Amino acid sequence: MTAMIADNLPVLVIIVPLFIGIVLPVFARRLRLVEGMVVLAEALGLVGAGFLAYMVVTRKGADWIYQVGGWPAPWGIELTANSLAVFFLAVVMVVSLPIALFTIGNLRQEVGGNMRTARFYTLFLLLVGSLAGMALTNDLFNTYVLVEVATLSCCGLVSSHGTPRAAEAAFNYLILATLASSLVVSGIGFIYVITGHLNMGFASQGLEQIWQAKPHAVWIAISFVLVGFGLKSAIFPLHIWLPDAHSSAPSPASAVLSGLAVKGYMICLLKFLYVVFGPDLMKEFSVDRILVLAGMTAIICGSVMALPQNNLKRRLAFSTVAQVGYIYLGFGLMDINGLAGALFYLASHAAIKSALFLSAGAMISATGKKKISELAGIGRKMPLTASVFTAASLGLIGIPLFSGFIGKWYLIAGSLDSGDFLPTIIIIAGSVLCAAYLFPVIRVAWFESPQQAEQVNAEQQAEQPDSAAQEGSRGIALQDEEMHSGQQVQQTAVYQNVQENTPPGNQVKDPGTAQKLALILLTAVIFILGIMPGPFIALAKRAAAELLMLR
Amino acid sequence: MRDFILKRIAAVILPFVCVYGFYVIFHGHISPGGSFAGGIIVGLSYIAFSTIYGIEKGRAKIPDKVLTWTESFGTLWYGLMGLVGIFKGVPFLANKLAGVDLGLPGALFSGGIIFYIGLGVGIRVASTMITIFFTLMEDQS
Amino acid sequence: MKALLEKLIINYPYFFAVVLFAIGVLTVLTRSNLFKKLLGINIMGSAGFILFIASGNIRGGVEPILHTSDHEAVYVNPLPSALMLTGIVVSVSVTAFALSLIIRLYKEYGTTDAQRIARMRNEVKKIDSNDRR
Amino acid sequence: MLYALLAILSGAAGGLIVFLTPKGSRRLRSIITLLFAASGAVFSWLTALSVFAGKSVRIGFEFGELAWSFDPDPLGAVFGLIASTLWLFATVYSFGYMAEKKRQRIYYAFFLISLSATVGVAFAGNLITLYLFYELLTLATYPLVIHERSPEAARAGTKYIMYNLSGAGAILIAIIITYRFAGNPDFIEGPVLAGVETPVMGWLLVMFIVGFGVKAAIMPLHRWLPSAMVAPTPVSALLHAVAVVYAGVFGVIRVVYSVFGHELAGQMSISPILPWVAAFSILAGVIVALRQDVLKRRLAYQTVSHLSYILLGAFTLEPWGLAGAMMQMITYPFMKMTLFFCAGIIAEQTGETRISRMKGVGRELPWTMAAFTAAALGMVGMLPMSTFWGKYYLMKGSVAGGMWPFAVVLAVSGLINAACFIPVAVEAFRGDKIQSCREKDTRTVWMFAPTALLVVIAVVTGLVPGIVWPGAEAVTDWFFR
């Protein structure tokens with residue numbers, strides 16, 4: 001039995017969440033059971049991923065290739081459990097377990113209805129399963145299918161609120177993501193036409209032999225894949241769907257979207273670029289420079305766009321745009337430190353952004369307020385939530401002892417190695433800007449009382465006239481959430497009158513036990529990655545070495 | 001639609017459509033078509049029934065609960081078929097390796113577990129089509 | 001020029017794929033009607049499918065079903081068609097999902113025009129906050 | 001040796017305990033604060049004494065590639081000593097100053113945590129540890145800067161964070177480059193980069209100095225300092241005249257002497273420019289100070305100037321220069337804190353913050369203004385005050401290194417300093433009494449006692465410089481062994 005499981009671990013890690021997820025709607029009436037099954041699936045996935053990682057790390061020699069259905073490589077679908085795969089698998093499972101824990105007991109209020117909740121969980125587990133699949137699969141078309149499953153699950157998660165705003169965001173996301181899928185499938189089509197293979201290894205060999213004869217076709221394939229996955233993972237100019245989608249989803253969904261889904265597409269892109277096209281071809285077509293450039297632009301522009309956001313979740317969503325830039329930057333450095341740094345940063349950002357979205361969600365659902373200026377003094381009412389938010393913010397900024405610091409350390413080391421000084425400066429500038437958009441939140445949460453917030457609000461209102469008339473376009477509407485803060489101020493004042501009469505901290509308090517546990521788990525991950533990065537960075541380095549020296 | 005002729009014709013044709021759908025599902029491994037196409041035909045036969053005889057009547061025939069069950073277990077069936085390989089000590093979804101009798105090429109019961117997988121997928125597709133139809137109709141009303 | 005034209009004629013499925021893709025992208029990006037956007041997406045997806053399926057086609061090949069008599073025949077590659085079946089499934093689900101979203105939006109705003117919806121959303125918010133005041 | 005660890009931890013532990021104290025219990029909170037500040041000081045003294053005695057006090061932790069270690073050499077010991085001792089004075093002063101203010105709990109908690117971070121900077125044994133505590137210091141002092149909770153304070157806080165994180169970013173880049181060439185050895189094993197060839201040596205030094213220079217308020221990078229003056233006076237006095245800015249100055253000295261070493265630094269083409277940068281800061285800072293009307297701002301700009309005294313001494317790369325820098329480092333904060341404390345007392349008692357409206361303050365607060373006058377003399381560098389010796393050795397170092405223009409710069413700066421503060425002191429004793437002065441009570445006593453003690457210490461050490469000289473000598477001997 002154990003041997004049976006151990007031999008089939010790569011596929012079991014994928015199908016266990018998928019199939020458990022699919023049967024959930026049947027048990028929709030008994031929500032406790034559904035939640036239990038979700039946590040069970042996550043726990044099984046985590047154990048499986050951990051065990052798989054252990055087996056891969058201790059394994060000597062070649063990768064562990066699993067042939068689905070027993071069909072050998074050019075015909076069958078392969079799953080490759082290499083360092084990169086188990087690294088990302090571990091990230092997915094470690095981060096999604098707390099997110100699943102966080103949803104226990106309070107998702108129903110947010111989504112509404114047992115059936116909707118069960119379907120939310122179905123989508124959640126489908127997403128987790130497909131992300132695991134993306135990490136492991138070694139087949140181009142299989143990647144496409146998994147990407148599609150993930151995309152549809154994401155859209156479903158975004159629209160699970162049921163509000164028209166969410167539906168609109170989900171529709172825009174769906175359209176752009178499908179556009180991206182078409183690009184990806186066309187890119188895969190080109191690769192297939194050129195090489196006749198869908199297996200990554202064989203396609204790669206084919207490309208190596210033939211690319212000089214058909215440089216244009218290869219170039220088209222690369223650009224289709226690059227733009228397709230770039231659109232899905234929201235690299236800067238292609239990010240326009242992200243803020244709406246991630247801010248209008250329920251917070252656990254935002255966490256899993258920002259923390260994991262975006263990362264899955266990046267891992268796919270990484271595999272396409274490094275495994276299929278290979279480092280030589282990347283250099284030949286200057287893909288590495290494009291990645292670095294895109295990353296740098298994203299860091300700066302994303303951070304700058306995050307600054308004026310007053311809606312907390314929107315600010316976090318724009319921050320994701322910026323942080324995606326770091327990972328792209330690392331992908332483009334073509335250096336073992338840079339690549340390992342990017343992978344580590346990916347892991348750390350997955351944990352940090354999930355923690356941020358979850359704690360922000362807890363604050364928002366406890367107070368009913370979405371704007372940063374309205375969250376004044378929340379630190380005293382919800383100390384644990386606000387502490388987690390603060391710790392995660394510091395991690396994102398890159399303070400030592402938190403995981404973001406280690407990621408930035410290796411990214412900077414990589415960019416210094418590659419001989420270019422500009423990326424280094426951009427990385428530092430990015431963390432300073434990150435402090436600029438996260439510190440005000442911390443300040444408001446801990447160091448301001450509601451009365452003062454009102455004053456500040458009023459002052460800002462006097463400075464900025466209402467600019468509602470100028471806004472309109474749905475995709476680019478950056479500040480539409482905060483346009484009407486004038487009316488909001490009045491409302492806040494009313495709220496405060498009520499507050500002063502009732503003792504403070506009456507309703508607003510830390511969320512339930514499962515939620516606290518989830519937040520604490522994520523914070524622990526951030527700290528452990530920051531203080532004892534040894535094994536993780538070693539795995540990331542191994543993965544980077546495998547990617548770079550594959551040829 | 002309360003058209004008499006339509007109802008009569010549907011009453012005659014739809015059972016055959018449904019049976020044809022299952023035919024396509026079952027012959028997926030030896031002829032063009034397959035479980036997806038067949039499942040859609042099965043689903044469409046039911047959708048046609050609901051449009052012609054009224055949504056309420058259609059709903060009464062297949063309650064939500066049944067739909068949910070068939071939807072979930074159609075897919076689960078696929079997974080269980082895949083696990084056959086694992087229980088035989090060979091990879092997931094293995095067919096011949098798992099010791100399943102493949103039969104003669106061209107015969108109905110050939111292709112090992114493909115036949116059974118096709119059944120699961122067909123049921124899933126049919127019930128999903130019906131669910132989608134009902135969801136859309138529900139939203140409109 | 002003639003050589004180019006010949007190439008174009010021989011590879012006409014690819015040409016159509018490109019044209020369809022362009023039409024699809026244009027529709028998605030320029031139309032503000034949600035239905036038309038959805039149609040554009042589907043057209044674009046079809047372009048990808050055509051590209052794939054055409055790549056499996058071999059001139060003079062026969063359908064890839066095992067004929068016991070004829071072992072020498074050139075078969076058309078069935079793999080792309082099989083893969084595209086999956087692609088079509090995906091596209092169907094996308095369409096269904098998008099339709100349900102469109103219906104949701106239509107029920108809320110009474111229109112399927114993206115720009116109008118955006119405008120109305122802003123107005124609705126304004127009214128909301130006025131009411132609350 | 002646990003003393004170093006205890007010295008670092010006592011601040012943080014005290015801060016956490018203060019956080020947990022109930023809201024009303026002012027007395028309990030004060031006792032805890034004093035207790036932990038005192039324990040920090042005591043353990044710092046014990047550590048420093050062992051360091052001066054030549055014992056090894058190393059504590060190290062290793063996690064993967066990052067190694068944390070606490071291993072103070074004489075320089076670190078001296079800095080830790082100064083910081084933790086002055087913390088006691090500022091704590092006592094806070095009891096008076098903060099007595100009727102809001103949000104005391106948060107104030108005292110972060111006040112203590114900042115002590116932890118500062119001692120951590122002082123005792124850090126390698127670059128990564130230094131960087132860690134340097135960042136933590138920025139974070140721990142941020143709540144103190146925005147303590148007023150006004151929009152102005154919020155802006156100042158943001159500015160503070162932006163400047164300091166940018167500086168830390170430059171340091172981080174430099175540390176990573178250093179790390180890649182030389183690893184992460186302890187400072188105590190001699191200069192980190194000695195015998196290492198790197199192609200970017202000059203840039204490395206510039207990056208380090210720019211990075212630490214933000215906190216050290218070298219002239220173009222100083223802008224956060226005057227705006228951070230919105231903080232409560234004890235914070236301004238301690239952090240923005242001593243602890244935080246000293247962390248920057250300390251970092252610069254660390255880099256020059258422990259990362260590069262005076263020999264290597266002396267060979268670099270950039271090193272002759274550095275004293276001029278410091279000299280520019282000295283003159284420009286004090287000239288700008290002359291034009292300020294708000295007393296705290298004038299003090300802030302004057303801090304910019306005086307910090308560069310220390311840097312000037314360090315940049316001469318001469319034993320006498322370094323000795324002067326150390327003497328200045330030890331003696332200057334006593335006087336500067338006196339000035340700030342006096343400014344705080346004036347502001348609390350009369351509500352006046354502008355110099356132009358302080359005529360006649362001396363009639364009302366004769367003792368405070370007497371202390372102010374003494375401190376003003378100290379700023380000028382007159383003899384009974386200990387700062388004279390700092391200046392003396394600095395001039396000696398400049399002349400010994402053949403850099404006599406800097407002696408002139410120092411002298412001129414002394415004159416402008418006189419123009420800055422002496423008229424204030426004189427004007428204060430002329431004119432009519434100020435109307436709006438409030439009654440003196442126990443608060444005034446709490447505020448005045450540490451001020452007076454500081455002046456006494458300054459006079460005593462000025463008359464008997466042998467008390468503090470061993471500290472400066474130990475550092476000089478250590479780096480020029």
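Below, read A as the first sequence line, B as the second, and so on, with proteins coming before strands; counting in each chain starts at 1. What you see below is based on every heavy atom in this structure, not just the backbone, and it leaves out hydrogens, waters and symmetry mates. If you're wondering where the values come from, they're calculated on a predicted model, not measured in any experiment.
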Query raised in the report: What are the residues of residues 76-83 of chain B, in order of number, with any heavy atom under 4.5 angstrom from a heavy atom of chain A?
Result: B:Leu76, B:Tyr78, B:Gly79, B:Leu83

Report task. Rounded to the nearest 0.5 Å, what's the gap from CE on A:Met115 to OG1 on B:Thr68? Could you check? Result -> 4.0 Å

Requested in this report: Mind jotting down which residue pairs meet the side-chain hydrogen bond (donor to acceptor under 3.5 Å, both in side chains) criterion with at least one end in residues 3-22 of chain A? Sequence neighbours excluded, please.
Outcome: A:Asn8-A:Tyr66

Report summary line: Assert top hit (heavy-atom pairs under 4.5 Å, partner chain A, pool B:Phe87, B:Phe92, B:Phe73) equals B:Phe92

Indicate every side-chain donor-acceptor pair of residues 10-36 of chain A with a distance under 3.5 Å to a residue at least two apart or in another chain.
unit_1  : atom_1 : unit_2   : atom_2 : d
A:Glu35 : OE2    : A:Gly105 : N      : 3.0

Requested in this report: Quick one: which of B:Leu93, B:Asn95, B:Ile86 has the most heavy-atom pairs under 4.5 Å with chain A, could you say?
Outcome: B:Ile86

**Report entry** All side-chain contact (heavy atoms from CB on, under 4.5 Å) counterparts of A:Ala90, not counting sequence neighbours
**Finding:** none

